[in-house]
K.L.:
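Just dropping this structure here.
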Amino acid sequence: MLKHVIDSAEEQELLRAVERWVQREVAPRVLEYDHADRYPHELVEQMRELGLFGATISPEYGGLGLPAATYARIVMLISAVWMSITGIFNSHLILALAIERFGTERQKREWLPRLASGEVRGGLALTEPDAGTDLQGIRTTARRDGDSYVIDGTKIWISNGIEGSCFALLVKTDPHAQPHHRGMSLFIAPKQEGFRVGRKLEKLGYKCIDSAELVFDRYRIPAGYLIGEQEGQGFYQATGGLELGRINVAARGVGIADGALQLATQYAQSRKTFGKPICEHQAIQLKLAEMATRARAARLLTLDAADAFDRGERCDLQAGMAKLFASEAALENATESMRIHGAYGYSKEYHIERLYRDAPLTCIGEGTNEMQRIIIARQWIKQHPVAG
Ligand SMILES: Cc1cc2nc3c(=O)[nH]c(=O)nc-3n(C[C@H](O)[C@H](O)[C@H](O)COP(=O)(O)OP(=O)(O)OC[C@H]3O[C@@H](n4cnc5c(N)ncnc54)[C@H](O)[C@@H]3O)c2cc1C
């Protein structure tokens with residue numbers, strides 16, 4: 001898993017193909033899609049052809065088996081132009097990762113090839129109306145009934161919830177277990193009777209990708225859909241994908257930070273005040289210098305975490321630092337770029353207003369930045385014990 005070695009010529013070719021696609025197909029349409037908040041079916045079809053739905057799935061199950069570092073570079077490239085569409089394959093690949101890491105061989109053979117081709121697309125259903133950060137507080141339950149489980153509950157904020165057809169669904173199989181995580185299980189949950197979309201959620205940014213409430217009402221699935229076919233492993237399985245998830249979000253942050261910097265750099269050289277381009281005013285130069293430094297630092301932290309992941313090392317500290325820094329860099333660069341654009345930064349005709357609306361999500365998803373700081377601090381202290 002994620003062990004397929006890609007030589008740098010192969011990587012460069014793939015990155016060039018993605019870059020060409022972004023420039024030819026995505027960039028010219030992004031404003032139109034974003035303003036209409038319309039699901040980009042055509043682009044999704046092209047993403048399927050590029051193999052993005054199988055990017056990190058092993059070749060033996062039909063995927064590209066890319067290392068996390070190559071995958072992160074792809075996410076950065078796309079997010080510099082339109083972060084939203086990376087969400088269509090990001091959480092889909094976390095679902096695939098849960099099956100590939102923890103599923104039985106039968107589950108892998110049944111689901112991974114269809115996920116890799118994009119024939120089945122989906123995501124991760126963890127969050128509930130009363131439980132986001134504190135996942136052990138979820139209330140959705142699965143009750144064993146013969147060869148099936150019957151699931152009842154509600155999930156919220158689920159990316160790809162409307163267009164996707166299959167989700168990794170976190171439930172309680174033993175609501176009375178102490179500690180709670182011992183009673184949690186993760187299921188492969190395809191859409192069928194008993195599983196419906198409650199509503200589409202309206203958002204500040206991150207437009208076009210569907211975020212939905214999902215309702216499970218006497219939803220009956222075969223016992224063989226329990227990932228790994230062992231109860232009580234769900235919390236560990238769901239959070240086991242978070243390192244890659246955090247590298248994903250960090251890469252999105254790098255993309256936005258880069259995109260905002262590029263827009264500001266172009267604008268500052270063409271807009272003139274007091275007889276010269278605004279990039280010649282020191283106040284604007286200071287902003288550009290800080291933005292460029294932040295974008296580069298965010299990229300290096302993210303690739304550092306991705307490289308550690310590819311070496312098979314525990315990398316929650318690096319992934320947490322990358323996620324925290326890159327998402328804050330995205331927010332700060334988007335804000336600064338908007339200021340550099342003056343009134344035009346506030347206009348819907350310019351791209352920066354969209355980056356400004358998209359950036360805050362990176363501070364929330366895959367663990368809020370408040371939680372990232374706590375995770376980093378705990379891990380840091382553990383790694384630096386006082387002798388004696
Ligand atoms: C656009 C979008 C897409 C999403 N996609 C998905 C998805 O596909 N699947 C999915 O399962 N979820 C998804 N989520 C949900 C997301 O993961 C949660 O919103 C996130 O985990 C935070 O949970 P919460 O919103 O319930 O906030 P809460 O947990 O209620 O937190 C509220 C505030 O309290 C802080 N806080 C909480 N606990 C602590 C603590 N112990 N110490 C310090 N501060 C704390 C938080 O940092 C935050 O600032 C998505 C959310 C959004 C907005």
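Because the structure is predicted, anything quoted here is derived from the model rather than measured. Note that ligands are numbered from 1 as they come in the structure, with each ligand's atoms numbered from 1 the same way. Just so you know, these numbers use all the heavy atoms, side chains as well, and skip hydrogens, waters and symmetry mates.
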K.L.:
What protein heavy atom sits nearest atom 15 (C) of ligand 1, and how far away is it?
P.N.:
Thr127 OG1, 3.3 Å
K.L.:
Looking only at protein heavy atoms, which one is nearest to atom 26 (O) of ligand 1, and what is the separation?
P.N.:
Gly132 CA, 3.3 Å
K.L.:
Any chance the side chains of Thr154 and Glu128 put a donor and an acceptor closer than 3.5 Å?
P.N.:
no
K.L.:
To which protein heavy atom is atom 46 (C) of ligand 1 closest, and what is the distance rounded to 0.1 Å?
P.N.:
Thr368 OG1, 3.7 Å
K.L.:
Are Arg182 and Glu231 within salt-bridge range, i.e. N to O under 4.0 Å?
P.N.:
no
K.L.:
Heavy-atom pairs closer than 4.0 Å: do any link ligand 1 to the side chain of Leu361, the backbone, both, or neither?
P.N.:
side chain
K.L.:
Give me the residue, atom name and distance of the protein heavy atom closest to atom 49 (O) of ligand 1.
P.N.:
Glu370 OE1, 3.5 Å
K.L.:
What about Tyr344 and Tyr350, are their ring centers closer than 6.0 Å?
P.N.:
yes
K.L.:
Could you tell me whether Tyr206 and ligand 1 have an N or O pair separated by under 3.5 Å?
P.N.:
no
K.L.:
Heavy-atom contacts with Met371 under 4.0 Å: which atoms of ligand 1 show up? List them by number with element.
P.N.:
39 (C), 40 (C), 41 (N), 42 (N)
K.L.:
Which atoms of ligand 1 are found less than 4.0 Å from any heavy atom of Ser159?
P.N.:
3 (C), 4 (C), 5 (N), 6 (C), 7 (C), 8 (O)
K.L.:
Do Met321 and Leu324 have side chains that get closer than 4.5 Å, going by heavy atoms?
P.N.:
no
K.L.:
Please check this pair: side chain of Asp37 against backbone of Cys208, looking for a donor-acceptor N/O pair closer than 3.5 Å.
P.N.:
yes
K.L.:
Name the closest protein heavy atom to atom 27 (O) of ligand 1, giving the residue it belongs to and the distance to 0.1 Å.
P.N.:
Thr133 OG1, 4.0 Å
K.L.:
Within ligand 1, which atoms have a heavy atom of Ile158 less than 4.0 Å away?
P.N.:
7 (C), 8 (O), 9 (N), 10 (C), 11 (O)
K.L.:
Please report which non-hydrogen protein atom sits nearest to atom 43 (C) of ligand 1, along with the residue it belongs to and the distance in Å to one decimal place.
P.N.:
Ile374 CD1, 3.8 Å
K.L.:
Test your reading of the structure: does Ile156 have an N or O sitting under 3.5 Å from an N or O of ligand 1?
P.N.:
no
K.L.:
Find out whether the Lys NZ or Arg CZ of Arg121 is both under 6.0 angstrom from the six-membered ring centre of Phe53 and within 45° of the ring's axis.
P.N.:
yes
K.L.:
Does only the side chain of Ser91 get under 4.0 Å from ligand 1, or the backbone, or both, or neither? Count heavy atoms.
P.N.:
neither
K.L.:
Distance to 0.1 Å, residue and atom name: give those for the protein heavy atom nearest to atom 4 (C) of ligand 1.
P.N.:
Trp157 O, 3.0 Å
K.L.:
If we count only non-hydrogen protein atoms and require a distance under 4.0 Å, does atom 30 (O) of ligand 1 qualify as touching the protein?
P.N.:
no
K.L.:
Answer yes if the side chains of Gln23 and Glu19 hold a donor-acceptor pair under 3.5 Å, and no otherwise.
P.N.:
yes
K.L.:
List the residues meeting side chain to side chain contact (heavy atoms under 4.5 Å, CB included) with Glu163, not counting sequence neighbours, and say none if there are none.
P.N.:
Tyr39, His41, Asp210
K.L.:
Can you confirm whether or not the ring centre of Tyr236 sits under 6.0 Å from the ring centre of Phe102?
P.N.:
yes
K.L.:
Closer than 4.0 Å and a protein heavy atom, does any atom meet both conditions relative to atom 36 (N) of ligand 1?
P.N.:
no
K.L.:
Identify the protein heavy atom lying closest to atom 9 (N) of ligand 1, giving its residue, its atom name and the separation to 0.1 Å.
P.N.:
Leu124 O, 2.8 Å
K.L.:
Taking atom CD of Gln46 as the centre, does the number of heavy atoms from other residues, nucleotides or ligands within less than 6.0 Å exceed 12?
P.N.:
yes
K.L.:
Aromatic ring centroids of Trp82 and Tyr206 under 6.0 Å?
P.N.:
no
K.L.:
Verify whether one side chain among Ser347 and Glu353 offers a donor that lies under 3.5 Å from an acceptor in the other.
P.N.:
no
K.L.:
Are any non-hydrogen protein atoms located under 4.0 Å from atom 41 (N) of ligand 1?
P.N.:
yes
K.L.:
Below 4.0 Å, non-hydrogen atoms only: which portion of Asn160 touches ligand 1? Side chain, backbone, both or neither.
P.N.:
neither
